[in-house]
Amino acid sequence: MLVSPAPHLVRSLSFAASRLVPPSPAASFAVSRVQPFLFVRRSLRVRAITSTAGDVAEFEEMASGTKRKYYMLGGKGGVGKTSCAASLAVKFANHGHPTIVVSTDPAHSLSDSFAQDLSGGTLVPVDGLDAPLFALEINPEKAREEFRSASQKSGGTGVKDFMDSMGLGMLVEQLVKEGIPLGELKLGELLDTPPPGLDEAIAISKVMQFVEAQEYNMFSRIVFDTAPTGHTLRLLSLPDFLDASIGKILKLKQKLASATSAIKSVFGQEETKQDASDKLEQLRERMVKVRELFRDAESTEFVIVTIPTVMAVSESSRLHSSLKKENVPVKRLIVNQVLPPSASDCKFCAMKRKDQMRAIEMIQNDAELMGLKLMQAPLVDVEIRGVPALRFMGDIVWK
């Protein structure tokens, strides 16, 4: 699941590229009045962007530039993160950015949002768009099944292949050097009860692929539909944890290096493979790269999504405080499901809107949230499901 994109990815990208045609002059004029327009080569690479005069609108700022950008949408469960993330991805794609939208939530709803099965753990082209948009639901259960089957292969070679795909092959090599038969470890059984943080580790591995693998170079926008607050904070802090852990391992290995060298000289053993310490150092560098990516204000932005209730606003405030401690850049706060003003005499609606306005006022006076750009998304009378509905929502939210 983590080695390469789906086999159909190259064919799908070529098909998506073939469907991209230059817009008509009328369409170009209509678009250029409100946002920058992107011309895309057949290879799906962003070629050029024109800027409009005057103040830059929210979405214009997000869509400008050819450099790859990552957008992570997160917040309390049930506030509409998936709909906001999917609608943003659709809008990026419609404006010429080859885009991937990824769900890192163990309880996925991205398939429901697009009304399409995205559960295979590989990139899937989104139906209903004449634009390059691919979606992916990271599938921890599939990863565990792959690991179980890999651990049963002869001699444990499957374990090494799988761990290599996770960037952890050096750990397996070290076990081999210690004379431990991998086939007897039955490592797959350890995953019957998944260890804490496994979902986040798989998500980190996928982020590393996006950063390093050539297959993903064509994508200029990557949108993450993250898990509820607790999972997301663990995801963001995992590179620091692994960096510190690997650092301790390397220090210990340095203390033993002289003894190991002496033993090798006695037995005349030649090192034909790269030393495990070097590979650990490489893994550590990859973790540093992911950590720097999360904290790079030029390429990454975390968008907090909430609803106008006191409980949701309070959790959003704590989330922003935690993100600041992790040095993750946050600019925007989306308040979803806001009741629009009504001229009717609906008492329930009036009371509900009054309650929501109180929560919005709470945002404006909150020390953690008051400095963010506030974006309101109205409560609509239709279910946001499928590309047409997501396009409709994107035009409302991402202005």
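Any value given below was found using the heavy atoms of this structure, including those in side chains, with hydrogens, waters and symmetry copies removed. Quick caveat: nothing in here was measured; it's all calculated off a predicted structure.
- With values rounded to the nearest 0.5 angstrom, Asn327 atom CG is found 12.0 Å from Asp296 atom CG.
- You'll find the side chain of Leu390 reaches within 4.5 Å of the side chain of Ile384, heavy atoms only.
- Within a 6.0 Å sphere centred on CE of Met311, other residues, nucleotides and ligands contribute 12 heavy atoms or fewer.
- Counting heavy atoms from C-beta outward, His320 and Leu333 have side chains that stay 4.5 Å or more apart.
- Counting heavy atoms from C-beta outward, Val79 and Asn336 have side chains that stay 4.5 Å or more apart.
- Of all non-hydrogen atoms in Ala377 and Val397, the two that sit nearest each other are CB-CG2, 3.5 Å.
- Here the side chains of Met62 and Trp398 are in contact, with some heavy-atom distance below 4.5 Å.
- Counting only distance, with no hydrogens or angles, the side chain of Gln116 and the backbone of Asp127 share a donor-acceptor pair below 3.5 Å.
- Rounding to the nearest 0.5 Å places OG of Ser83 at 5.0 Å from CE of Met393.
- Under 3.5 Å, the side chains of Thr82 and Ser113 contain no donor-acceptor pair of N or O atoms.
- In this structure, the separation between OH on Tyr70 and CD1 on Ile222 is 4.5 Å, given to the nearest 0.5 Å.
- The backbone N or O of Phe224 lies less than 3.5 Å from no partner atom in the side chain of Thr226, so there is not a single donor-acceptor pair.
- Glu368 contributes no side-chain N or O that, together with a main-chain N or O of Leu319, makes up a donor-acceptor pair within less than 3.5 Å.
- Between Lys91 and Asp395 the shortest side-chain heavy-atom distance falls below 4.5 Å.
- Aromatic rings of Phe92 and Phe59 (six-membered ring for Trp) have centroids within the 6.0 Å cut-off, being under it.
- Using a distance-only test at 3.5 Å, with no hydrogens or angles considered, no donor-acceptor pair links the side chain of Ser321 to the main chain of Ser317.
- Rounded to the nearest 0.5 angstrom, Leu133 CG and Phe219 CZ are separated by 9.0 Å.
- Not one N or O on the side chain of Lys69 forms a donor-acceptor pair closer than 3.5 Å with the backbone of Val223.
- Summarising the local packing, NZ of Lys347 is surrounded by 12 or fewer heavy atoms from other residues, nucleotides or ligands at distances under 6.0 Å.
- A donor-acceptor distance shorter than 3.5 angstrom exists from the side chain of His97 to the backbone of Ala63, with no hydrogens or angles considered.
- Annotation: the span from Ser109 atom OG to Arg385 atom CZ amounts to 11.0 Å, rounded to 0.5 Å.
- Between Thr66 and Ser220, every side-chain heavy-atom pair lies at or beyond the 4.5 Å cut-off.
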Trace of the side-chain contact (heavy atoms from CB on, under 4.5 Å) decision for Thr300 with Arg68: CA-CA 9 Å; Thr300 303; Arg68 173 185 286 182; over 6 Å; no
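- At least one side-chain heavy atom of Leu369 sits less than 4.5 Å from a side-chain heavy atom of Ser316.
- The CG atom of Asp112 sits 10.0 Å away from atom OG of Ser119, with the distance rounded to the nearest 0.5 Å.
- No side-chain donor-acceptor contact under 3.5 Å links Thr306 to the backbone of Val335.
- More than 12 non-hydrogen atoms from other residues, nucleotides or ligands lie less than 6.0 angstrom from NZ of Lys373.
- Electrostatic pairing of Glu301 and Arg332 counts as a salt bridge here, judged by a charged N lying under 4.0 Å from a carboxylate O.
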As a quick check of understanding, evaluate side-chain contact (heavy atoms from CB on, under 4.5 Å) for Cys84 and Leu88, giving each step before the final call. CA-CA 6 Å; Cys84 290; Leu88 177 60; over 6 Å; no
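- Proximity of Lys331 to Glu61: side-chain heavy atoms (C-beta onward) are separated by under 4.5 Å at one or more points.
- Looking at Arg353, Lys352, Arg358 one by one, the single match for salt bridge (charged side-chain N to carboxylate O under 4.0 Å, His left out) with Asp355 turns out to be Arg358.
- Between the Gln364 side chain and the Leu374 main chain, no donor and acceptor come within less than 3.5 Å of each other.
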Take Val303 and Met375, measure what side-chain contact (heavy atoms from CB on, under 4.5 Å) needs, and give me the verdict at the end. CA-CA 10 Å; Val303 181; Met375 304 169 65; 5.8 Å; no
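- No chain of hydrophobic side-chain contacts below 4.5 Å, direct or via other Ile, Leu, Val, Met, Phe, Trp or Tyr residues, connects Val330 to Met370.
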